[in-house]
Amino acid sequence: MESAFFEQPTLALAEALLGKYVIHETNQGSIVGRIVETEAYKGPEDRAAHSFGGKRTQRTEVMFGPPGHAYFFLIYGMYHCFNVVSAATDKPEAILIRALEPINGIPFMIQQRFPQKYAAGLRKEESLTPRLKKQLTNGPGKLTQALGIDQRYYDHDLKLPPLSIAEPPTQNIDEHLVISRGPRINIAYAQEAIHYPWRFWIKNNPYVSQ
DNA sequence: AGCCCGATTTGA
DNA sequence: CAAATCGGGCTA
């Protein structure tokens, strides 16, 4: 997407990202997922945000930069979360990508998510049950694992390969997306911000996180 | 230096 | 329902 797309206000961008493609160019091809769930985090005013109160540290630094760059952080010592930096320079806001619908590179995703199974060799008929397909990318930690993305893309410009956000091919654009919104997940510490309806998802989409 | 804990996932 | 697992951020 072009610069203007990322310059939208954070809540508008969180909605606008739904239906867009995340593309990771790897030496094993183009790994692609369609965004179906997002959460907005609005720095200074938002107790749930890492940048609450304008907190500026090595970790949050990228959020003070221009919109459209990638913010990655490690959670629970194990999982990487992928965010799109939003809002103007010096306004530390970002959007967490919570779930994707697998579009391309599904064998790669299975290998990343379930290396053990993959090594053992999946039987063809069970290689892509609806159940397994969902498990690939229906959560913020899962989708980064599936796409093979992490901190090495911290501050990467999402207008450029090898990690970018793009309009889907015209024949795959859903003109009539129905969007739902509600409170964000796992922010019990956030006091008054707990109930802000800043989580957005595509209504009835089976790949939304649980 | 030390301590605490998380924008999660998994399996008992 | 608790363990896994570790670096950031805060206190000293």
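Naming convention: chains lettered A, B, ... in sequence-line order (proteins, then strands); numbering from 1 in each chain. In this text, all values refer to a predicted model and were calculated from it rather than measured experimentally.
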Whom does dT5(C) pair with, Watson-Crick or G-U wobble, provided both distances fall under 3.5 Å?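 Partner of dT5(C): none.
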Looking at dA7(B) and Tyr41(A): do their rings stack (centroid distance under 5.5 Å, interplanar angle under 30°)?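 It does: the ring sits over the base of dA7(B).
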According to a cutoff of under 5.5 Å between the ring centres and under 30° between the ring planes, does Tyr79(A) stack with the base of dT8(B)?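 Taking the rule of under 5.5 Å and under 30°, the ring of Tyr79(A) does not stack on dT8(B).
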Whole angstroms only, please: what is the [atom1]-[atom2] distance between [X] and [N]?
| X | N | atom1 | atom2 | value |
| --- | --- | --- | --- | --- |
| Gln58(A) | dC10(C) | CD | P | 13 Å |
| Ile75(A) | dT10(B) | CD1 | P | 15 Å |
| Leu143(A) | dT9(B) | CG | P | 8 Å |
| Tyr76(A) | dA3(C) | OH | P | 14 Å |
| His50(A) | dG8(C) | NE2 | P | 12 Å |
| Tyr154(A) | dG8(C) | OH | P | 10 Å |
| Arg184(A) | dT8(B) | CZ | C1' | 17 Å |
| Gln151(A) | dA7(B) | CD | C1' | 14 Å |

Hey, is the side chain of [X] poking within less than 4.0 Å of OP1 or OP2 on [N], counting only N and O atoms?
| X | N | result |
| --- | --- | --- |
| Arg59(A) | dG7(C) | no |
| Asn186(A) | dT8(B) | yes |
| Thr57(A) | dG8(C) | no |

C1'-based separation of dC5(B) from dA2(C) [nearest Å]: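 Comparing C1' positions in dA2(C) and dC5(B) gives a spacing of 15 Å.
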Any idea which of [options] is nearest the [X] side chain?
| X | options | result |
| --- | --- | --- |
| Arg113(A) | dT9(B), dC6(C), dG6(B) | dT9(B) |
| Met78(A) | dA4(C), dG8(C), dT8(B) | dA4(C) |
| Cys81(A) | dG8(C), dC10(C), dT8(B) | dT8(B) |
| Leu96(A) | dA7(B), dT9(B), dG8(C) | dA7(B) |

Given the side-chain rings of His69(A) and Tyr154(A), with only the six-membered ring counted for Trp, is the space between their centroids under 6.0 Å?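 For His69(A) and Tyr154(A), the ring centres are not under 6.0 Å apart.
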Would you indicate whether [X], at its atom [atom1], is surrounded by more than 12 heavy atoms from other residues, nucleotides or ligands within a distance under 6.0 Å?
| X | atom1 | answer |
| --- | --- | --- |
| Arg152(A) | CZ | yes |
| Gln58(A) | CD | no |
| Lys133(A) | NZ | yes |

Could you say whether Leu74(A) or Lys142(A) is positioned toward the 5' end of DNA chain B, judged by the nucleotide with the nearest heavy atom to each?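 With Leu74(A) and Lys142(A) compared, the 5'-side residue is Leu74(A).
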Under the ring pair (Phe, Tyr, Trp, His ring centres under 6.0 Å) rule, collect the residues that match up with Phe73(A), sequence neighbours excluded.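 For Phe73(A), the residues satisfying ring pair (Phe, Tyr, Trp, His ring centres under 6.0 Å) (neighbours in sequence not counted) are His50(A), Tyr71(A).
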Distance alone, cut at 3.5 Å: any donor-acceptor contact between the side chains of Glu39(A) and Tyr41(A)?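 Indeed, the side chains of Glu39(A) and Tyr41(A) share at least one donor-acceptor pair under 3.5 Å.
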Need one value for Gly141(A): base, sugar-phosphate or nothing, where a base atom within 4.0 Å counts as base even if backbone is also close, heavy atoms only.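 Contact class for Gly141(A): sugar-phosphate only.
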